[in-house]
Trainee: 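Before we start, here is the structure in question, set down as C-alpha cells.
Ligands are counted one by one from 1 in listed order, and the atoms in each one are counted from 1 as well.
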Amino acid sequence: MDLSKTHIELVKKVYESLESNIAAFKERKGNSLTLAEKILYGHSKNVNEISLNRGEDFGDFQPDRVAMQDATAQMALLQFMQAELPETAVPTTVHCDHLIQAYEGANSDLKVANKAHKEVFDFLRSASEKFNIGFWGPGAGIIHQVVLEQYAFPGGMMIGTDSHTPNAGGIGMIAIGVGGADAVDVMAGMPFNTKIPKLIGVKLTGTLSGWTAPKDIILKVAEILTVKGGTNAIVEYFGEGTKSISTTGKATITNMGAEIGATCSIFPFDEKGEDYLKATGRGDITSLANENMHLLTADEDVLLSPEDYFDQVIEIDLDSLEPHIVGPHTPDLARPVSKLKEDALENNYPIQISNALIGSCTNSSYEDIGRAAYIAREAASKGLKAKIPLMVTPGSEVTRATIERDGYLKDLEAIGATVLANACGPCIGQWKRDDIKDGDTNTIVSSYNRNFPARNDGNKATLSFIGSPESVIGLALGGTLEFNFLSDTLINEDGLEVKLTPPVAEELPEKGFESTLDGFIQPKEDVDVDIVIDSNSERLQALTPFDAFNENNYVQMTVIMKAVGKCTTDHISPAGKWLKYRGHLENISQNLFIGVNNAFTEESGTGVNVLNNEIMTLPDLAKSYHENNINWIAIGDENYGEGSSREHAAMEPRFRGCKVVLVKSFARIHEANLKKQGILPLTFEDKSDYEKIDQNDKLTIRNLENLKPGSTVTISIEKEDGTSIEIETNHSLSDEQIKWFESGSALNFIKSI
Ligand code: MIC
Ligand code: SF4
C-alpha cells in the first residue's frame, strides 16, 4: 500500500466507528457532546466501559496513525525491535528533520547532515523498510507540516513522538504528543493508555485583521492559562472567530497548545478545512467529511451554553487582539507589541536584536511566508533591508517549492534573508552561530514555539523572544526591541522616513501546491531487511531490559538533586549537540540534568557527591552513583518535565539508578514517560514539604508491593542528625501502570504477556 498519504478507506472506517461509538457514548452521558468528546471517545477501545471521570481516570484509546521524528524514532524503534513483530499494527511514518544543523543554507547544510548522520538515517530507513513504515528522508520537511499536508484528516486520532503533534488539530484531528514507549504500544497493536483529559473551551469572537495573526491568539491563550494551565486537558476552540482562520493558522494555534501543557487542541472542521484538503490533493476526503459534519463539529447546545460542557471557558475577542511578543525564557511571559519597548527597558533586555528567525513546524505555511514576503516586498520597494541576519526555515518541501515558485523566497532574500533546510534547525539548537561566543548576552526573535534558555543556540545567555512571522519580520526591519512596527517609522536608504503597512496574503496558492514526494521512501514489499547495529557505534546502542521491581531499592535512597524553579526536558536532557546520541542511551546519559538549577549547589548542572562531599556535574554524579549501586531520588518543583516528549529525560535517570522522582507537579508527557520506564513519579501531598528535603537526607518508601490506584505513599526522611520525619505523597498509577512498575518497565510487561 502507498504509505505517502492517508487512504480514503481508512477515513471511511473511522467515520463508521465514530458514528456508532459517539451514539453509544451520548446515550451513556445523556447529554450533548463537545467535538473533543466525539473524536476522543469515538476512538475509545470500549466505549461502554470507559470512565466518564475526566482529569482523574485513565482510558484506552485506538489511534489511527503514528508519526515519529528522527530524534525520538531511534529510541522508539530500538524498543519496538524488542517486541519482535513483523510490522506496525497501524500506519506509521518516520520523518528526518531534527538532526540537520543550520549553518550556511539549505543545500550545503543538507549535504553535511547526510554525511554526519548517515549511520542514524540508514538505521531509520532500514527499520522503516523492515516494519513497513513510510520514511521521509532529510530535507523532506518537518514532521508536523508533512503530517498536515499528507496524513491529517478531520475526525481522526493520531499519536506522535513529538510534543507538537497536536498541530494536526488544526484540521479537526485529535493528535497527541507522546513518548516513544507509548508509540511502541500502538505500533504493537495495543491501545494508547492516557489520562482522560478535562475540557477547556476557548470561544473566539470577531475577526483577525491587520498585523494580528493566529500566533497572537495562542500567545494570548498562553498568557491567560500559563505553561501548566492546559495540563491533562484538551483545548477546544469554537465560535464565529474560528471561521476566519485558515487551516494552517489553526494548526499554529493547536501546535502551540503544547506550550500550555495541553494534551492536544482542536478546531471544528469547516470550509477552510475543505479548501485545505482540496489544495493538498485530498478532495476525496472533503466529500466524505462533508457527509459526516455531525461527527466533526460540536453539538449545537455546546455552542449555546459552553459553561455546561467545558471544565473551563475563556473568551478572546479577535477584533481587539494586538500582536504579542513573548519571552524571554518562557512562552507565557507576554506583552502586546506596543508595550515591548517599555518592558524591555524596564527589564534591561538587550535592545539590539542579534538575529531574527521565521519558520519551524509552528509557522511555515504558505500563508505565513506569504505575509512575511508581503512585508519584505513592501520594505524593499521603500528602500529598506533587514537590519540584522534573518533566517527562514520552510516546513516542508511541498511548501518550499511552492513559495519558491510564487516568488516569496526571492522577496525575503531581497531584504537579506537566508533560506535554511526544510528542518527544525535553530528551533532545536541545531544552529552553528559564528556571531557570538558562549556566554554572550544577546536578544533573538523567532516565530518558533519554545524559548527555554539555551534552546536555540546552546547559549544560556541568549534571550529568546517569540512572535508571529509578520512581527518577526517587522522587528528584523527595525533591528531593535524598541521598534513598534504598528506605529513607528523607519529611515530608508535615501534618508526618507517610511512606514510599513499591514500584510495581506493568500491563505492557499492560487496555482495549487507543487506536488512533490521528494525525500519519501515507500518500503518495498516482501524484502527481508536486517537491522545492523554496530556494537562499537557511538550513535546507536541496542537496549537491555531494565530490572524488575525490588522493594530493597526504595530503602535509604540518596537525593541526587532538588530542582528549583523551571525544570523542562531541555534542562533534564538538552537537545542541540546532544541530539547526536539519541539512539545511544549510555552516551546521551552524559547530559543528564546538565541544565538543572539544583538547590544544593550554586552552579547549574552540578550536585554534591554524598560519598566524598565533592561537587561534580550531575551527569557524572549520576554515573558515579550508578557505578556504586546507589539508589537515588530526584526532587522537582512545579510542572517538572515541561516541554518536549523526549523519553530520554526518563530513560537516562532510569539507566543511572533513579528509583523515584518526587515533585510539586508534573507535565503530562514526562510523567507518562517516567511510568513507562519504571520510575515511580510522586507528587507532594503538601507542596511545602518540598522545603523539608535536604542534601544529605536518606529517603525510604516501604510497602510498595501493595501499591494500589489512588493509594498514598508515605516517605520517611532520615535526617543527617539521626532524626526522621514522614511525609505523604501521591502517585497516579492505574492498575495496568502498576504492572509496568512491577515489571521494571512497560516494555518488560508487554513482553511478559
Ligand atoms: C521540541 O520541540 O522540543 C522537540 C525537539 O521537537 C521535542 C522532541 C525531541 O526532543 O526530540 C518535542 O517537542 O517533543
Ligand atoms: Fe522541530 Fe522545533 Fe517543531 Fe520541535 S518545535 S518539531 S524542534 S520545528
Trainee: For atom 4 (Fe) of ligand 2, find the nearest protein heavy atom and state the residue, atom name and distance (0.1 Å precision).
Mentor: H98 NE2, 3.8 Å

Trainee: Between the side chain of Q69 and the main-chain N/O of T72, is any donor-acceptor distance below 3.5 Å?
Mentor: yes

Trainee: So which bit of R450 gets within less than 4.0 Å of ligand 2, heavy atoms only: side chain, backbone, both or neither?
Mentor: neither

Trainee: Name the closest protein heavy atom to atom 7 (C) of ligand 1, giving the residue it belongs to and the distance to 0.1 Å.
Mentor: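 So the nearest neighbour among protein heavy atoms is S644 OG, 3.3 Å.
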
Trainee: H164 heavy atoms, cut-off 4.0 Å: which ligand 1 atoms fall inside?
Mentor: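 Result: 2 (O), 13 (O).
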
Trainee: Mind telling me whether H670 and F666 have parallel, tilted or perpendicular rings, with 30° and 60° as the class edges?
Mentor: tilted

Trainee: May I ask you to list the atoms of ligand 1 that are less than 4.0 angstrom from any heavy atom of H98?
Mentor: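 Taking each heavy atom of H98 in turn, ligand 1 has 4 (C), 5 (C), 6 (O) under 4.0 Å.
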
Trainee: For atom 3 (Fe) of ligand 2, what is the closest protein heavy atom, and at what distance to 0.1 Å?
Mentor: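 Atom 3 (Fe) of ligand 2 sits closest to the protein heavy atom C361 SG, 2.3 Å.
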
Trainee: So which bit of Q430 gets within less than 4.0 Å of ligand 2, heavy atoms only: side chain, backbone, both or neither?
Mentor: neither

Trainee: Around atom CG of N107, are there more than 12 heavy atoms of other residues, nucleotides or ligands at under 6.0 Å?
Mentor: no

Trainee: Can you check side chain to side chain donor-acceptor pair (under 3.5 Å) on R539 and S537, steps first, answer last?
Mentor: CA-CA 5 Å; R539 305 287 304 267; S537 169; over 6 Å; no

Trainee: So if I count the atoms of ligand 1 from 1 in the order they appear, which ones are less than 4.0 Å from some heavy atom of A71?
Mentor: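 So the answer, numbered in order with elements, is 11 (O).
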
Trainee: Considering non-hydrogen atoms of the protein only, which is the closest contact for atom 1 (Fe) of ligand 2, and what is the distance?
Mentor: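 The closest one turns out to be C424 SG, 2.4 Å.
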
Trainee: Nearest protein heavy atom to atom 10 (O) of ligand 1, by residue and atom, and its distance?
Mentor: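 Looking at atom 10 (O) of ligand 1, the protein heavy atom closest to it is R646 NE, 2.6 Å.
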
Trainee: Are there more than 12 heavy atoms of other residues, nucleotides or ligands under 6.0 Å from atom NZ of K5?
Mentor: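 Incorrect, the count does not exceed 12.
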
Trainee: Hey, is ligand 1 close enough to R450 that some N/O pair sits below 3.5 Å?
Mentor: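 Min N/O separation from ligand 1 is below 3.5 Å for R450.
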
Trainee: Taking the six-membered ring for Trp and the full ring for Phe, Tyr or His, determine whether the centres of F135 and F520 are under 6.0 Å apart.
Mentor: no

Trainee: Measure the distance from atom 13 (O) of ligand 1 to every protein heavy atom, then report the residue, atom name and distance (to 0.1 Å) of the closest one.
Mentor: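 Looking at atom 13 (O) of ligand 1, the protein heavy atom closest to it is S163 OG, 2.5 Å.
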
Trainee: Determine whether any heavy atom of E259 lies closer than 4.0 Å to an atom of ligand 2.
Mentor: no

Trainee: Working note: T330 + D332, criterion side chain to side chain donor-acceptor pair (under 3.5 Å); need CA distance, chi angles, decisive distance, verdict.
Mentor: CA-CA 6 Å; T330 184; D332 54 359; 2.7 Å; yes

Trainee: Closer than 4.0 Å to some heavy atom of S645 - which atoms of ligand 1 meet that?
Mentor: 12 (C), 14 (O)

Trainee: Hey, does the side chain of H144 reach the backbone of N167 with a donor-acceptor pair shorter than 3.5 angstrom?
Mentor: no

Trainee: Identify, by atom number and element, the atoms of ligand 2 in contact range of N449, meaning under 4.0 Å from any of its heavy atoms.
Mentor: 5 (S)

Trainee: Could a heavy atom of R582 be found less than 4.0 Å from some atom of ligand 1?
Mentor: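 It does, in that a heavy atom of R582 comes within the 4.0 Å cut-off of ligand 1.
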
Trainee: Which residue holds the protein heavy atom closest to atom 2 (Fe) of ligand 2, what is that atom called, and what is the gap in Å?
Mentor: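 Going atom by atom, the protein heavy atom closest to atom 2 (Fe) of ligand 2 ends up being C427 SG, 2.3 Å.
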
Trainee: Is NZ or CZ of K676 both nearer than 6.0 Å to the six-membered ring centre of W740 and within 45° of the ring axis?
Mentor: yes

Trainee: Any donor-acceptor pair under 3.5 Å linking the side chain of D109 with the backbone of E104?
Mentor: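 Yes, because the side chain of D109 sits within donor-acceptor range (under 3.5 Å) of the backbone of E104.
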
Trainee: Between the main-chain N or O of T231 and the side-chain N or O of R668, is there a donor-acceptor pair closer than 3.5 Å?
Mentor: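 The answer is no, because no donor-acceptor pair under 3.5 Å joins these two groups.
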
Trainee: Backbone, side chain, both or neither: what part of T362 comes under 4.0 angstrom of ligand 2, heavy atoms only?
Mentor: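 Near ligand 2, T362 shows nothing, with every heavy atom at 4.0 Å or more.
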
Trainee: Just to confirm my output: which protein heavy-atom neighbour is closest to atom 8 (C) of ligand 1, and how far is it?
Mentor: Q69 NE2, 3.1 Å

Trainee: Quick one: pull up CZ in F452 and OG1 in T569 and give me the separation to the nearest 0.5 Å.
Mentor: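 Going from CZ on F452 over to OG1 on T569, the span is 7.0 Å.
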
Trainee: Does some non-hydrogen atom of H144 fall short of 4.0 Å from ligand 2?
Mentor: yes

Trainee: Looking at E642 and K228, is any side-chain nitrogen of the basic one under 4.0 Å from a carboxylate oxygen of the acidic one?
Mentor: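 Not counted as a salt bridge, because no side-chain N and carboxylate O are separated by less than 4.0 Å.
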
Trainee: Of the choices T72, T569, D162, which has the non-hydrogen atom that lies closest to atom 6 (O) of ligand 1?
Mentor: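 Selected option, by shortest heavy-atom distance: D162.
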
Trainee: Looking at I428, which atoms of ligand 1 are within less than 4.0 Å of one of its heavy atoms?
Mentor: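 Counting atoms of ligand 1 from 1, those under 4.0 Å from I428 are 5 (C).
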
Trainee: Is a side-chain donor or acceptor of D457 paired with a backbone partner of R433 at a separation under 3.5 angstrom?
Mentor: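 Not at all, since once roles are kept as given, no pair shorter than 3.5 Å links the two residues.
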
Trainee: Looking only at protein heavy atoms, which one is nearest to atom 2 (O) of ligand 1, and what is the separation?
Mentor: R455 NH2, 2.7 Å

